[in-house]
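Quick caveat: nothing in here was measured; it's all calculated off a predicted structure. We name chains A, B, ... by the order of the sequence lines, and we start the count at 1 in each one.
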2 protein chains.
Amino acid sequence: MDSAEQKSTGQRRRTSARASVTIRDVARHAGVSVATVSRALRGSDLVHPATRERVDAAIEELRFTPSQLGRSLAERRHAANGIVFPDLSGPFYAEVVLGYEEVAATLGRSVLILSTHNRESAGDMVLDLAGRVDGLAVFGRTVHDDVVAEIVQRGVPVVLMARTEIEGADSVRTENVVAATSVVDHLLADGHRRMAFLGDPVDSTDVAERWAGFRGALAQAGVDVPERAIPAGFKEDDGARVAAALIADGLPDVVVCANDELALGLTVALAEEGIEVPGEVAVTGWDDVMAARYAGLTTVRQPMREMGARAAQMLDARISGDRSEPRHDVLTTQLVVRRSCGPHSKEAHR
Amino acid sequence: MDSAEQKSTGQRRRTSARASVTIRDVARHAGVSVATVSRALRGSDLVHPATRERVDAAIEELRFTPSQLGRSLAERRHAANGIVFPDLSGPFYAEVVLGYEEVAATLGRSVLILSTHNRESAGDMVLDLAGRVDGLAVFGRTVHDDVVAEIVQRGVPVVLMARTEIEGADSVRTENVVAATSVVDHLLADGHRRMAFLGDPVDSTDVAERWAGFRGALAQAGVDVPERAIPAGFKEDDGARVAAALIADGLPDVVVCANDELALGLTVALAEEGIEVPGEVAVTGWDDVMAARYAGLTTVRQPMREMGARAAQMLDARISGDRSEPRHDVLTTQLVVRRSCGPHSKEAHR
DNA sequence: TTGAAAGCGCTACCAG
DNA sequence: CTGGTAGCGCTTTCAA
């Protein structure tokens with residue numbers, strides 16, 4: 001039984017903490033070679049049924065689990081995908097990850113997540129992550145283009161999400177300009193004229209496009225176009241913070257916000273100042289997060305989960321060897337009218 | 001320059017797709033041994049400054065990045081942690097992941113996520129994941145105890161989140177009984193007497209504890225204790241679904257729900273039937289998700305992010321060799337009173 | 001069908 | 001300080 005071993009390798013096991021069962025243990029136990037065990041493991045049909053049985057028994061008995069590490073190194077693949085976010089907080093990203101993870105899992109790939117949190121070291125962290133996966137999805141403005149380019153050049157497939165295209169990488173994003181136009185058109189139909197835009201176009205491609213669409217629609221309608229957007233982050237606090245200034249500068253008819261959290265934070269802060277929405281000023285958001293429904297916020301719905309799923313699929317195609325031209329998918333969005341945008345809208349909830 | 005190589009290994013490079021730069025390439029390029037490159041890489045001070053410089057130059061020129069795979073295999077560690085959820089959707093889990101990822105990243109570990117989605121294969125997926133990480137956090141009722149036990153036995157540190165303890169694993173959870181008691185006490189003070197509980201105690205440890213606390217507090221107060229909880233999942237739809245039956249059976253004074261989504265879904269469904277909250281029936285939730293604030297829902301706040309962070313820290317300790325008795329942390333929770341629970345509460349928002 | 005052995009890329013021990 | 005080399009655990013020729 002115990003035969004194959006110590007042949008030419010001159011074993012000298014280092015004092016390993018908790019030596020796990022390896023393929024060699026199984027081989028010895030079953031009285032076959034590691035090659036055979038490996039074949040049995042992979043379900044190769046070059047293994048005699050009887051042999052396979054012995055191997056299976058040994059695996060069972062030794063409670064053996066093949067090491068992913070050894071396997072990956074030999075196969076030169078990780079069987080894992082990565083996804084990078086600026087920040088995992090907020091209701092927004094969770095949905096994207098969900099869609100991504102679901103597809104990846106179905107394809108037999110694990111998912112590694114990374115939030116960059118504007119850290120100095122973000123670039124290095126992403127680069128490191130790129131070394132642990134077969135493909136990487138990068139969301140928005142998380143790292144410098146150079147880093148992405150470097151990863152692409154290294155041969156790791158990359159798909160950009162909600163971010164300006166980069167040579168050699170696929171991308172998925174949601175439609176912004178048409179949506180912004182429909183928001184503005186709806187507001188115009190409601191009789192609103194003086195419109196402000198809350199959000200920093202420099203911060204993200206999405207916001208830049210929304211701002212552009214906003215301006216375009218106003219110009220198209222021959223209405224006053226504000227010169228500048230009111231810069232703000234993406235959190236409720238950021239929205240709350242501008243309320244005072246907005247009041248001081250004279251309220252516009254409506255504030256179009258770059259996302260829902262901003263809109264909601266602003267609305268609450270205005271309420272605290274005794275300003276009613278939509279009575280004295282209308283407010284709209286973007287994303288259609290759960291809270292938007294309960295707050296009666298007019299907003300733009302984006303297919304977040306679909307975006308994640310799409311990214312995972314694109315990556316899978318590349319990993320599987322697809323060498324065609326980069327794809328750039330644009331997912332459609334949808335205006336959701338609720339009461340925050342003005343008097344005449346009937347819809348109350350959902 | 002080109003000297004070390006082909007010595008004893010009898011090179012015969014397999015036709016590899018896109019042969020990446022390896023440590024050997026760097027060594028040759030710098031005219032040193034791989035050992036030296038490795039040392040330089042690790043920042044060992046057993047490398048002559050001049051040598052280090054040559055190595056650095058070679059690394060730079062060849063755009064070399066060490067393979068995590070090779071490194072992990074040699075070091076016998078993954079430098080990665082895993083986290084398992086039943087389902088990544090809903091505002092709840094995202095926060096936990098956020099806390100977890102943040103700490104893990106700071107400790108230099110990557111994070112692998114997995115949603116089990118009640119899949120048949122959940123057990124195998126988790127077992128597979130366990131083979132890719134140095135430590136694993138498992139949330140709630142995602143997989144059978146046997147699977148967890150198997151992982152623990154395999155020597156991979158496990159921390160349970162919001163789940164009944166298992167031999168040999170640390171755990172973190174939030175306090176439920178005291179919180180349930182304070183919810184009930186508050187409702188009693190508001191004059192409510194006939195209380196129903198919505199949620200399935202069999203579904204999760206958390207719900208079971210909330211249900212137990214609920215019953216205990218009622219019994220303590222000498223008030224009618226409902227015989228059974230109204231079983232339901234965790235989604236808005238699940239809450240909406242029971243509205244009709246609730247009305248048909250005669251509305252209680254208040255419905256204590258196992259989580260916010262349930263409470264919110266129920267509230268909307270009741271409104272659609274013309275039943276006002278809290279006018280005709282009060283409703284409370286659990287979790288304090290963002291939407292709860294905007295819906296004016298009385299609920300219990302849990303430190304989600306803290307839970308994730310704590311889990312990551314516990315894991316780190318174990319991975320670093322801590323062999324002390326398993327720890328079982330309980331995080332405190334807090335009643336947040338808003339208008340959904342009845343007339344006399346003043347607080348409107350936040 | 002099977003086995004022997006050469007790697008996959010890197011770390012760390014042992015000699016110098 | 002530096003180099004040689006034995007592994008880490010698994011896959012995959014190449015021969016038998």
In whole angstroms, how far is the P atom of D:dT11 from the CG atom of A:L46? 15 Å

Side-chain contact test, heavy atoms from C-beta onward, threshold under 4.5 Å: evaluate it for A:L127 versus B:T65 and give yes or no. no

Within 6.0 angstrom of A:R63 CZ, more than 12 heavy atoms from elsewhere: no

Let me know the distance between CZ of A:R76 and C1' of D:dT12, rounded to the nearest Å. 13 Å

For residues 36-43 of chain B, please give each side-chain donor-acceptor pair under 3.5 Å, one per line with the distance, not counting sequence neighbours.
| from | atom 1 | to | atom 2 | distance (Å) |
| --- | --- | --- | --- | --- |
| B:T36 | OG1 | B:S33 | OG | 3.3 |
| B:R42 | NH1 | B:E75 | OE2 | 3.3 |
| B:R42 | NH2 | B:E75 | OE2 | 3.1 |

Go through A:R52 and A:D56 one step at a time and tell me if the salt bridge (charged side-chain N to carboxylate O under 4.0 Å, His left out) criterion holds. CA-CA 6 Å; A:R52 177 184 304 276; A:D56 286 348; 5.6 Å; no

Starting at CZ of A:R154 and ending at P of C:dG9, how long is that distance when rounded to a whole Å? 14 Å

Please give, in whole Å, the distance from D:dA6 P to B:R24 CZ? 13 Å

Atom CZ of B:R77 and atom P of C:dA12: how far apart are they, to the nearest Å? 10 Å

Terminal axes of the helix from C:dT1-D:dA16 to C:dG16-D:dC1 (five pairs each): angle between them, nearest 10 degrees: 40°

Minimum side-chain heavy-atom gap B:V84-B:L129 below 4.5 Å: yes

Counting only side-chain N and O atoms of B:S33, is one of them less than 4.0 Å from OP1 or OP2 of D:dG3? yes

A:L136 side chain near A:L112 side chain, heavy-atom distance below 4.5 Å: no

Identify whether any heavy atom of B:S72 sits under 4.0 Å from a base atom; if not, whether one sits that close to sugar-phosphate; answer base, sugar-phosphate or nothing. nothing

Taking the nucleotide of DNA chain D with the closest heavy atom to each, which residue, B:G70 or B:R52, is nearer the 5' end? B:R52

Could a donor-acceptor pair under 3.5 angstrom be found where the side chain of B:R39 meets the base of D:dG3? yes

Interface with DNA chain D, restricted to residues 123-135 of chain B and to heavy atoms under 4.0 Å: none

Of the nucleotides D:dC10, D:dC1, C:dG3, which one has an atom closest to the side chain of A:A35? C:dG3

Apply the side-chain hydrogen bond (donor to acceptor under 3.5 Å, both in side chains) test between B:D170 and each candidate in B:R327, B:R310, B:H328, B:R318; give the one that qualifies. B:R318

Taking only the side-chain heavy atoms of B:V32 (C-beta and beyond), determine which of C:dA4, D:dC8, D:dG3 contains the nearest atom. D:dG3

Spacing between B:R42 atom CZ and C:dC13 atom C1', to the nearest angstrom: 15 Å

Can you see if the side chain of A:T51 gets near the phosphate of C:dT2 - specifically, an N or O under 4.0 Å from OP1 or OP2? yes

In terms of side-chain heavy atoms of B:A74, which of C:dG9, D:dG3, D:dC1 is nearest? C:dG9

Counting side-chain heavy atoms from CB outward, which of D:dT2, D:dG3, C:dC8 is closest to B:H48? D:dT2

Nearest-Å distance, CD1 (A:I23) to C1' (C:dT2)? 14 Å

To the nearest Å, how far apart are B:R71 CZ and C:dC10 C1'? 8 Å

Does any non-hydrogen side-chain atom of B:V103 lie less than 4.5 Å from one of B:T106? no

Residue pairs passing the ring pair (Phe, Tyr, Trp, His ring centres under 6.0 Å) test with at least one member in residues 138-164 of chain B, sequence neighbours excluded, are B:F85-B:F139, B:F92-B:F139, B:Y93-B:F139

Using a 3.5 Å cut-off and no angle test, enumerate the donor-acceptor pairs between side-chain atoms of residues 159-169 of chain B and protein atoms at least two apart in sequence or in another chain.
| from | atom 1 | to | atom 2 | distance (Å) |
| --- | --- | --- | --- | --- |
| B:R163 | NH1 | B:G140 | O | 2.8 |
| B:R163 | NH1 | B:V143 | O | 3.1 |
| B:R163 | NH2 | B:V143 | O | 2.7 |
| B:R163 | NH2 | B:D145 | OD1 | 2.7 |
| B:T164 | OG1 | B:T205 | OG1 | 3.0 |

Determine the contact category for B:V34: base if any of its heavy atoms lies under 4.0 Å from a base atom, sugar-phosphate if only primed atoms, P, OP1 or OP2 are that close, otherwise nothing. base

Do the non-hydrogen side-chain atoms of B:L98 and A:D87 ever get within less than 4.5 Å of each other? yes

Should A:I319 and A:R77 count as side-chain neighbours, where that means a heavy-atom distance under 4.5 Å? no

For the CG atom of A:D25 and the OG1 atom of A:T22, what is their distance to the nearest 0.5 Å? 4.0 Å

Within the 4.0 Å heavy-atom criterion, would you say A:S38 contacts the bases, only the backbone, or no part of the nucleic acid? base

Kindly state which residues belonging to residues 61-69 of chain B come within less than 4.0 angstrom of DNA chain D, counting heavy atoms of the residue only, listed by number. none

